[in-house]
Amino acid sequence: MRVDGDPELNLLFDAELRGALASVGERDRQILLLHAWEGLDGAELAEVLGISRSGADAALSRARKRLREAWGERMSF
């Protein structure tokens, strides 16, 4: 997400997002980064994590929920 036309708000947003990511567990962070930044889908996540596809889907869902909760706690703007 970007705040169009306001570089200061973009920096604040980035810092808040990094903080939220840092506050979730290491496994959740790994799953989120593999999915969002590496572009891995459920089957690929399952292979990398050494778990079933349904396990990978459930792990991604839980990680997203925890990130949403962490984000909600950190929002300051």
For [X] and [Y], which heavy atoms make the closest approach, and how far apart are they?
| X | Y | answer |
| --- | --- | --- |
| I31 | L45 | O-CD2, 4.1 Å |
| Q30 | L49 | OE1-CD2, 3.9 Å |
| V24 | A70 | CG1-CB, 4.3 Å |

Taking side-chain contact (heavy atoms from CB on, under 4.5 Å) as the definition, give me every residue that meets it alongside L21, ordered by chain and number, with sequence neighbours left out. R29, L32, L33, W37, L67
Residues forming a side-chain contact (heavy atoms from CB on, under 4.5 Å) with R62, sequence neighbours excluded: A58, A59, R66
Which residue pairs satisfy the side chain to side chain donor-acceptor pair (under 3.5 Å) criterion with at least one member in residues 38-47, sequence neighbours excluded? none
Nearest-0.5 Å distance, CG of residue L40 to NE2 of residue H35: 9.0 Å
Find the distance between CG (L17) and CG (L12) and round it off to the nearest 0.5 Å. 11.5 Å
